[in-house]
Amino acid sequence: MLRASEKRQQTRGQTQGRQGAQATATKGKRVSFSSPLVLGATIQKKSAGRSGGILKKPQRALSTTILVDVSHKKPCKGANSKTEKKQRSSQGLSFSVPSRSDPLTMKINMLVHFLMEMYKMKKPIMKADMLKIVQKRYENRFPEILKKASFSIEVVFGVDLKEIDSSKDSYILVSKMDLPNNGRVTRGKGFPKTGLLLNLLGVIFIKGNCATEEKIWEFLNKMRIYDGKKHFIFGEPRKLITQDLVKLKYLEYRPMPNTNPARYEFLWGPRAHAETSKMKVLEFWAKVNRTVPSAFQFWYEEALRDEQERALAAATFNDGSDGWAENVPRPRLAALPMP
């Protein structure tokens with residue numbers, strides 16, 4: 001995987017060079033990305049207690065729709081890259097969040113809360129317990145409620161609800177990426193950070209495969225995540241994005257040359273390249289907006305090129321044409337060391 005990643009990096013400069021010429025077709029659009037901290041999903045900070053108990057009405061909603069300036073940016077070229085003028089239009093992709101007062105929406109929110117409490121306590125999720133949350137009145141709509149709750153959890157936290165035992169109707173939540181502790185990053189009973197990471201990777205992607213620190217914080221602020229203020233889901237955000245995720249090699253955080261005072265920018269780290277792809281990140285963002293990746297035409301085309309480059313690099317590695325002699329045993333590819 002690491003040799004394949006190196007081969008992809010050799011072609012990345014060529015891919016970036018094509019961006020400027022292809023940007024004119026959709027240049028200047030501002031897409032309304034409903035951030036994964038939206039969707040009316042709610043989290044209650046205090047423990048829910050026993051799985052079969054009655055849950056109180058969730059106390060905290062997860063923010064609002066986020067507008068992301070997606071005017072096409074030139075690839076990062078270091079410190080000489082100046083902030084480009086934003087060209088905006090009223091066109092965009094978004095969806096409306098159902099009223100929180102709607103009874104069905106409230107059941108969805110309560111189920112989201114219950115599922116995340118089970119995740120925090122590292123307990124299996126039983127269908128019987130979920131039915132208790134939904135209550136008899138809405139039992140016939142349980143498949144719909146579960147589907148919408150699963151969707152909210154997927155786009156907010158970056159975890160998937162998977163059935164582990166069909167005979168017992170038991171489920172578990174699994175992180176979309178291999179972040180430590182099933183997405184929590186640090187040990188404990190906190191919430192997964194995978195959704196936030198996928199968001200950051202998406203911002204970096206649409207900003208020309210690197211994003212200034214100012215742009216990252218601008219995006220996070222719209223998610224009500226602020227520098228120096230502990231977030232009830234993500235903890236201390238600066239430490240998370242500039243230390244934890246950097247140490248884990250999911251993000252690269254580097255100073256921009258020739259800047260005084262020093263400015264910084266973010267790029268994908270080697271683990272991000274190994275565990276996900278531009279297409280997967282675009283699919284994630286498309287799911288948030290309830291559309292398809294091809295709706296984001298410019299980035300979809302770049303993601304397709306990235307997929308082709310990955311396939312070519314993998315094929316070159318597998319067929320032995322990467323320069324290794326046939327009689328020389330190939331070294332085992334060790335996983336990146338965990339900190």
Side-chain angles (χ1 to χ4, degrees), residues 19 22-23 25-42 61-73 86-100 102 104-105 108-109 112 144-161 175-177 192-209 211 215-216 218-225 233-234 268 272 276-304 306-307:
Q19 285 186 333
Q22 297 187 1
T26 54
K27 190 174 183 179
K29 290 189 177 181
R30 195 184 187 194
V31 179
S32 176
F33 287 106
S34 294
S35 158
L37 290 185
V38 191
L39 303 173
T42 56
L62 298 182
S63 194
T64 55
T65 299
I66 291 173
L67 292 176
V68 179
D69 173 31
V70 292
S71 300
H72 302 305
K73 307 295 181 183
K86 296 180 180 180
Q87 298 182 357
R88 301 174 181 177
S89 75
S90 59
Q91 299 179 8
L93 296 171
S94 64
F95 65 91
S96 59
V97 178
S99 170
R100 291 174 59 201
D102 173 65
L104 187 63
T105 300
I108 295 169
N109 291 341
V112 168
E144 175 189 358
I145 293 171
L146 180 61
K147 181 179 180 180
K148 291 182 177 180
S150 301
F151 173 81
S152 293
I153 289 172
E154 180 181 359
V155 299
V156 172
F157 298 104
V159 295
D160 295 313
L161 182 67
S175 174
K176 284 181 171 291
M177 296 180 71
K193 314 299 190 295
T194 312
L196 180 64
L197 174 59
L198 288 168
N199 252 314
L200 295 176
L201 295 176
V203 174
I204 293 168
F205 174 27
I206 69 169
K207 293 296 183 182
N209 298 310
K215 287 297 180 184
I216 292 294
E218 180 182 317
F219 177 80
L220 293 176
N221 288 171
K222 292 174 181 177
M223 297 169 70
R224 299 182 184 177
I225 300 174
I233 293 177
F234 301 118
W268 285 30
T276 190
S277 66
K278 293 178 180 180
M279 185 62 76
K280 289 180 180 178
V281 169
L282 196 61
E283 287 171 351
F284 178 79
W285 277 41
K287 179 167 286 191
V288 173
N289 283 275
R290 302 185 188 234
T291 185
V292 293
S294 58
F296 309 107
Q297 183 179 357
F298 175 77
W299 295 282
Y300 182 68
E301 291 173 358
E302 181 179 343
L304 282 176
D306 182 64
E307 291 293 296

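Fair warning: this is a prediction, and the values are worked out from it, not measured in the lab.
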Just so I know, are the side chains of Val281 and Ile204 near enough to count as touching, which here means a heavy-atom distance under 4.5 Å? no
Given the rule in the side-chain contact (heavy atoms from CB on, under 4.5 Å) test, do Lys176 and Thr276 qualify, once you have shown the distances and angles that lead to the verdict? CA-CA 9 Å; Lys176 284 181 171 291; Thr276 190; over 6 Å; no
How long is the straight-line distance from CZ of Phe234 back to CE of Met223, given to the nearest 0.5 Å? 5.5 Å
Taking the six-membered ring for Trp, are Trp268 and Phe205 parallel (under 30°), tilted (30 to 60°) or perpendicular (over 60°)? perpendicular
Before accepting this row, confirm whether a basic side-chain N of the pair Glu144/Lys147 lies closer than 4.0 Å to the acidic partner's carboxylate O. no
Gap between atom CD of Glu302 and atom CZ of Phe296 - 0.5 Å precision: 14.5 Å
Using side-chain heavy atoms (C-beta onward) and a distance below 4.5 Å, is Phe157 in contact with Lys193? no
Note: Asp306 and Ser277 closest approach over all heavy atoms is OD2-CB, 4.1 Å
Straight-line distance of Lys222 NZ to Glu218 CD, nearest 0.5 Å: 4.5 Å
Do Ile233 and Ile225 have side chains that get closer than 4.5 Å, going by heavy atoms? no
Between Pro293 and Leu282 the two heavy atoms that sit nearest each other are O-CD2, 3.8 Å
What are the two closest non-hydrogen atoms of Val159 and Ser175, and how far apart are they? CG1-CA, 3.7 Å
Please find the pair of heavy atoms, one from Ala303 and one from Met279, that lie closest to each other, and give the distance. CB-CE, 3.7 Å
To the closest 0.5 Å, what do you measure between CG (Asn199) and OG1 (Thr194)? 11.5 Å
Would you give the length of the straight line joining atom CZ of Phe219 to atom CG of Leu200, rounded to the nearest 0.5 angstrom? 7.0 Å
Nearest heavy-atom pair of Trp285 and Leu198: which atoms, and what distance? NE1-O, 3.6 Å
Once you round to the nearest 0.5 Å, how far does NZ of Lys280 lie from CD of Glu307? 8.0 Å
